[in-house]
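First up is the structure itself, then whatever we jot down about it.
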2 protein chains.
Amino acid sequence: MSLSTDRDKLPAADTPTLYKQIRLDIERRILTGEWPPGHRIPFEHQLMTRYGCSRMTVSKALSELAQADLIERRRRAGTFVRRPKFLSAVLTIPDIRAEITALGRSYGYQLIRCSRRAANAADRARLGVRKTGKVIAISCRHSADGVPFAIEDRLIDLDAVPEAARADFAIEPPGTWLLHHVPWTEAEHSISAIVADEETATALDIAIGAPCLVIDRHTWRSARTLTAVRLVYPGESHKLVARFKGG
Amino acid sequence: MSLSTDRDKLPAADTPTLYKQIRLDIERRILTGEWPPGHRIPFEHQLMTRYGCSRMTVSKALSELAQADLIERRRRAGTFVRRPKFLSAVLTIPDIRAEITALGRSYGYQLIRCSRRAANAADRARLGVRKTGKVIAISCRHSADGVPFAIEDRLIDLDAVPEAARADFAIEPPGTWLLHHVPWTEAEHSISAIVADEETATALDIAIGAPCLVIDRHTWRSARTLTAVRLVYPGESHKLVARFKGG
DNA sequence: CACGGGAATATGTATAGACATATTGATACC
DNA sequence: GGTATCAATATGTCTATACATATTCCCGTG
């Protein structure tokens with residue numbers, strides 16, 4: 001193997017910064033399968049002579065790849081290509097208003113019910129909290145170009161999100177308001193399919209017995225429940241795009 | 001404001017490395033809402049006096065937060081807390097075998113049909129490719145503790161994944177084999193709900209007209225189609241957990 | 001007031017060197 | 001053979017410094 005220290009082994013292209021070129025070069029080898037999962041990536045010292053730069057520079061490239069979970073670094077042992085994440089493919093579930101407007105369709109919103117009350121037993125169970133507190137319960141409907149798009153049924157824990165008391169959910173959908181005002185750390189989703197009962201069928205303007213897609217989402221901030229929501233979509237395809245992460 | 005340079009303003013805890021403490025400290029202020037979206041984070045020079053370290057160290061902490069999309073850095077302007085990702089919440093769809101075994105249930109697999117043929121028009125449309133080539137078409141069923149869990153209908157482009165010809169899909173499910181052997185760069189999902197027709201109802205051992213959850217997944221490597229798959233689950237809840245990313 | 005140009009400034013990249021720390025592998029001892 | 005020990009080694013963190021680069025801000029000119 002040549003040990004020349006010239007830099008022109010890199011794709012060059014429009015020459016971004018050096019560490020980025022290194023990162024992309026290694027990323028390419030991994031994604032094309034040239035360096036399969038488990039393969040040991042050359043030591044930092046070898047990479048610095050290969051790319052003709054300092055160790056800090058290759059280290060920065062490798063650190064970013066490690067943060068993106070493409071490689072794994074172990075002291076004394078070396079750096080290895082990670083097994084393609086065992087589980088996973090990643091989906092994003094957009095905010096409904098943003099999703100509809102991004103599609104270039106007109107967004108419509110109707111508040112069906114909104115009440116503020118002390119939490120009852122069913123509310124506490126749904127939020128997964130023990131103590132009694134105040135909640136806001138909201139039912140509403142989203143539409144695109146005048147056609148029903150989804151119905152939403154939401155519970156917000158007012159003890160965890162006191163500022164929600166000042167929001168006007170007759171104007172702004174609760175999901176959109178929350179996304180813009182309340183930071184969260186964890187979310188859990190449950191996706192399922194149901195057939196429409198009479199109330200659902202009426203709200204979505206579909207036939208009774210027609211299939212519907214349901215997303216139940218529970219959102220926390222540091223173990224504190226913020227909100228629980230159920231979204232019901234007519235069963236026609238609901239498309240979501242996911243890309244492999246990589247900075 | 002005090003300008004003391006002592007380091008004990010940090011949570012300390014079990015004292016990981018300094019840059020990590022800085023990262024966690026800033027992350028905490030963002031997630032608790034102390035520094036809301038749009039807030040300007042102190043300049044690097046202020047942070048180095050606050051934490052009593054060099055600029056490279058605070059820069060490393062900030063770079064990781066930027067890579068995780070928690071903050072945005074702009075030259076000359078400064079560093080700002082990002083608006084909570086406009087859309088989004090992230091879901092992971094695990095490999096079915098891994099999912100079932102992770103739940104501690106016994107995994108079962110039956111190959112229903114497997115054929116290798118030149119692609120016909122329907123195959124090309126489904127894979128989204130123009131040219132004719134060879135494909136593998138597979139139908140199979142996954143079960144957990146002997147109960148049908150999902151049925152899978154898959155098409156693999158043999159031109160893009162020639163090594164699939166040597167795999168034995170009577171033993172290993174195609175999704176699992178692909179995940180372990182074939183690197184991919186992009187995936188697109190389409191989630192929808194249907195009601196079971198007679199064939200589906202029989203395969204999943206449910207009633208005709210019962211709701212089913214459908215996931216259509218298309219996978220590419222650098223714009224090259226690898227495989228297209230449709231998974232049909234009985235409509236009872238299919239649970240997926242998502243965490244806020246953050247390295 | 002509009003506009004162009006240049007100075008100020010915050011981040012971005014890169015360096016060499018130093019020391020820390022985890023882990024491996026070999027060696028010596030029982 | 002089993003086990004404790006120690007040196008070798010690859011990554012991990014940190015510093016001080018230097019220069020690059022993108023923006024913003026201000027100022028002077030038309």
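Chain identifiers are assigned alphabetically (A, B, ...) following the order of the sequence lines, protein sequences preceding nucleic acid strands; residue numbering begins at 1 within each chain. All values below come from the heavy atoms of this structure, side chains included, with hydrogens, waters and symmetry mates left out.
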Atom pair distance, as rounded to whole Å: CD in Glu44(A) and P in dT15(C):
13 Å
Does dA16(D) have OP1 or OP2 under 4.0 Å away from a side-chain N or O of Ser54(B)?
no
Where along residues 57-65 of chain B does a heavy atom fall under 4.0 Å from DNA chain D?
Thr57(B), Lys60(B)
Nearest-Å distance, CE (Met48(B)) to P (dT15(D))?
9 Å
CZ-CZ distance between Phe80(B) and Arg74(B), expressed to the nearest 0.5 angstrom
5.0 Å
Donor-acceptor pair between Glu152(A) and His142(A) side chains, under 3.5 angstrom
yes
Given atom CZ of Arg40(A) and atom P of dT9(D), what is their separation to the nearest angstrom?
13 Å
Could you walk me through whether Cys53(A) and Ile22(A) pass the side-chain contact (heavy atoms from CB on, under 4.5 Å) test, one step at a time?
CA-CA 10 Å; Cys53(A) 64; Ile22(A) 298 174; 3.9 Å; yes
For the pair made of CE in Met56(B) and C1' in dT13(D), what is the distance, rounded to whole Å?
11 Å
Within less than 4.0 Å of OP1 or OP2 of dA10(C), is there a side-chain N or O belonging to Thr79(B)?
no
Whole-Å distance separating the CD atom of Gln46(B) from the C1' atom of dT9(C)
13 Å
With a 3.5 Å cut-off and no angle check, do the side chains of Tyr19(B) and Glu64(B) form a donor-acceptor pair?
yes
Name the pairs: protein N/O against N/O of nucleotides 21-27 of chain C, kept only if under 3.5 Å.
unit_1, atom_1, unit_2, atom_2, d
dT21(C), O3', Arg75(A), NH1, 3.3
dA22(C), O4', Arg75(A), NH1, 3.4
dT24(C), O2, Arg76(A), NH1, 2.9

Using the side-chain heavy atoms of Tyr19(A), tell me which of these nucleotides is nearest: dG12(C), dA14(C), dA18(C).
dA14(C)
Measure from CZ on Arg55(B) to C1' on dA10(C) and round the result to the nearest Å.
8 Å
Identify whether the distance between the nearest side-chain nitrogen and carboxylate oxygen of Asp157(A) and Arg224(A) falls below 4.0 Å.
yes
Of the non-hydrogen atoms in Tyr109(B) and Ala170(B), which two are nearest, and what is the gap between them?
CE2-O, 3.8 Å
Can you find a side chain N or O atom of Arg73(A) that sits less than 4.0 Å from OP1 or OP2 on dG12(D)?
yes
Indicate yes or no for a side-chain donor-acceptor contact from Thr227(B) to the backbone of Thr219(B) under 3.5 Å, with no hydrogens or angles considered.
no
Rounded to whole angstrom units, what separation is found between the OH atom of Tyr51(A) and the P atom of dT15(C)?
14 Å
Between dG12(D) atom C1' and Arg23(B) atom CZ, what is the distance in whole Å?
14 Å
For Arg105(A), give me all partners under salt bridge (Lys or Arg N to Asp or Glu O under 4.0 Å), at least two apart in sequence or on another chain.
Asp145(A)
Between Glu44(A) and Arg50(A), is there a side-chain N and carboxylate O pair less than 4.0 Å apart?
no
